[in-house]
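Convention: sequence-line order gives letters A, B, ...; per-chain numbering from 1.
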Amino acid sequence: MSESPPEFPATRCADCGLLYGHEAYICRECGSETFERAPLDGSGTVYARTTIRVPGSDHQGEEPFEVAIVDVGGEETVRVTVRIEENPELGPDDPVEFVDRRDGVFYFRAA
Amino acid sequence: MNDVCVIGMGTTEFGVREEGIVELGVTAVGRALRSCDVDREEVDALYLGNFVAGMLEGQETLAPLVADSVGLVGVPAMKTEGACASSGIAFRQAYQAIRTGVHDVVVVAGVERMTNAETSEFTRALGSAADHGTDGATGLTFPGFYGLVLDRYMHEYGATREQVAAVSVKNRKNGASNPRARFRSPVTVDDVVDSRLVADPLRLYDCCPAADGAAAVVLASADVAESYTETPIAVLGSGHATGRSAAYRYDDLTTLEATTLAAEEAYDEAGISPSDVDVVELHDCFSAAEIGDSEDLGFFEKGEGAAAVAAGRTAVDGELPINPSGGLLAKGHPVGATGIGQIYEVCLQLLGEHENQVDGAEVGLAHNLGGSGAVSTVTVLGGPSGV
């Protein structure tokens, strides 16, 4: 991939500035309920990954699929739980990039 | 503050059971009451841990149903839920009620029935302990959570797959002589590392089996305990803490702080350090979990837990026996019953009556964990000579 990946849709607490990857309803740092958009560079690195081969009934037929914990962003990063597309064998520290968000799930692929 | 003792205990076998959820619970509670000289009218309350009876069996309101069925008429009865830590939490609540003088005698039970459901159905039910909107939405399962933990652990500390497999080998060997266990056949390291992948790098024999079962104990204030039994087991310390709500919330996925916080509270209250513990039943829902737990509970330095198991340091005849019952990996994991099942096994050790008896066991520890490290209880128990 030579082009930059899409921006990652992070948010930031409008009061204390704490960055969030997944939605927050109240800031765990300061208690604020106000958040603003804070898009991040969509490149990231794998912190840990697993391949789900025995899914729950809500995900039957999708197996095997990879779930990873990814640190996404450039200078500033947030950690998120994601699906890895195309099921490559990624491991800790491998580079990945944001693809899109579907049905509330962040999808990444090998960079 | 009143001191608190275990004065009675009862359990069913853990495994594939035909009984319904209420019958399992009633059986364990009835056995616990019969094991000591407590009359039903002397019981002040019933606390019952359960997780998935509502989802898998369509049965809720379990605590009042069990109380009525066992003849505990009119007492306050309540269910506690914290996924796999459900009955550890029940124990903690009963302990606090006695400690603060609200009650004198309380029955605590845990019960679960799982094997009547299809694998995908109980995987979904167990998965409901994960945060539905984040980890859960990706399809991450509980084996998957510990797959992530193990992936990171092996990366950071260089532990080998074979070292991790040694947990399952040890616990299946221990379970072989425990009549309460679901699995009573040993396995080898090759069996584990050749078994099919479930959630890489975790394989089938790294995972505890589903099970049905129930366990119960009777707790009493120390003031009255000796009128019910000659061998009360002292509750020396109790801890209960919450941790991170999802896998992405950990800065370090190899340490589950619900455990470290609950352990710190329990050790402080007992006035002991990890080196004072003689026998441990900890939450080995997966081989990787036992390694992390053994470090989080302070028995080994971070990163040394895998090598310690492989070297035999946690065997029944090792320096610190861990899961001599066979743990969840061999006994099975009827999730809501597990926490009291662990306390039952530790009490047997402290009474000197366990099938895999640890010589001279005077201080025992039980550790129960629920969700993605979301909640943990730690209980420190002392032998009858210390009451």
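Side-chain polar atoms of B:Thr259 and B:His367 form a donor-acceptor pair below 3.5 angstrom. In the model, B:Gln59 has no side-chain atom that pairs as donor or acceptor with a side-chain atom of B:Asn50 under 3.5 Å. A donor atom on one side chain and an acceptor atom on the other are found under 3.5 Å apart for B:Asp212 and B:Thr115. At a cut-off of 3.5 Å, with distance as the only test, a side-chain donor of A:Thr81 or B:Asp135 sits close to an acceptor on the other residue. In this model, no donor atom of one side chain and acceptor atom of the other lie less than 3.5 Å apart for B:Asp190 and B:Thr188. Side chains of B:Tyr157 and B:Glu295: a donor-acceptor N/O pair is absent below 3.5 angstrom, by distance only.
Among the candidates B:Ala125, B:Ser120, B:Ala247, the residue making the largest number of heavy-atom pairs closer than 4.5 Å to chain A is B:Ser120. Per-residue heavy-atom pair counts under 4.5 Å with chain A were compared for B:Met154, B:Arg249, B:Arg196, B:Glu121, and the maximum is reached by B:Arg249. No other option in A:Val70, A:Thr51, A:Asp93 has as many heavy-atom pairs under 4.5 Å with chain B as A:Thr51. Each of B:Thr123, B:Leu148, B:Leu253 has some count of heavy-atom pairs under 4.5 Å with chain A, and the biggest count is that of B:Leu148. Of the listed residues (A:Arg83, A:His22, A:His59), the greatest number of heavy-atom pairs within a distance under 4.5 Å of chain B belongs to A:His22. Chain A forms the most heavy-atom pairs under 4.5 Å with one residue out of B:Glu118, B:Arg152, B:Arg124, and that residue is B:Arg152. Of all the listed residues (A:Arg53, A:Glu89, A:Glu62), the one sharing the greatest number of non-hydrogen pairs under 4.5 Å with chain B is A:Arg53. Each of B:Ala246, B:Gly144, B:Gly139 has some count of heavy-atom pairs under 4.5 Å with chain A, and the biggest count is that of B:Gly139.
Between B:Phe142 and B:Phe286, the ring centre distance reaches or exceeds 6.0 Å.
Contacts between A:Arg102 and chain B at a heavy-atom distance below 4.5 Å are absent for every atom of the residue. With a 4.5 Å cut-off on non-hydrogen atoms, A:Pro55 touches chain B through its backbone but not through its side chain. Residue contact with chain A, scored on non-hydrogen atoms closer than 4.5 Å, is absent for B:Phe122. Heavy atoms of A:Val80 lying under 4.5 Å from chain B belong exclusively to its backbone. Contacts of A:Val105 with chain B are made by side-chain atoms alone, with heavy-atom separations under 4.5 Å and no backbone atom involved.
B:Lys79 has a carboxylate O that lies under 4.0 Å from a charged side-chain N of B:Glu60, or vice versa, which qualifies the two as a salt bridge.
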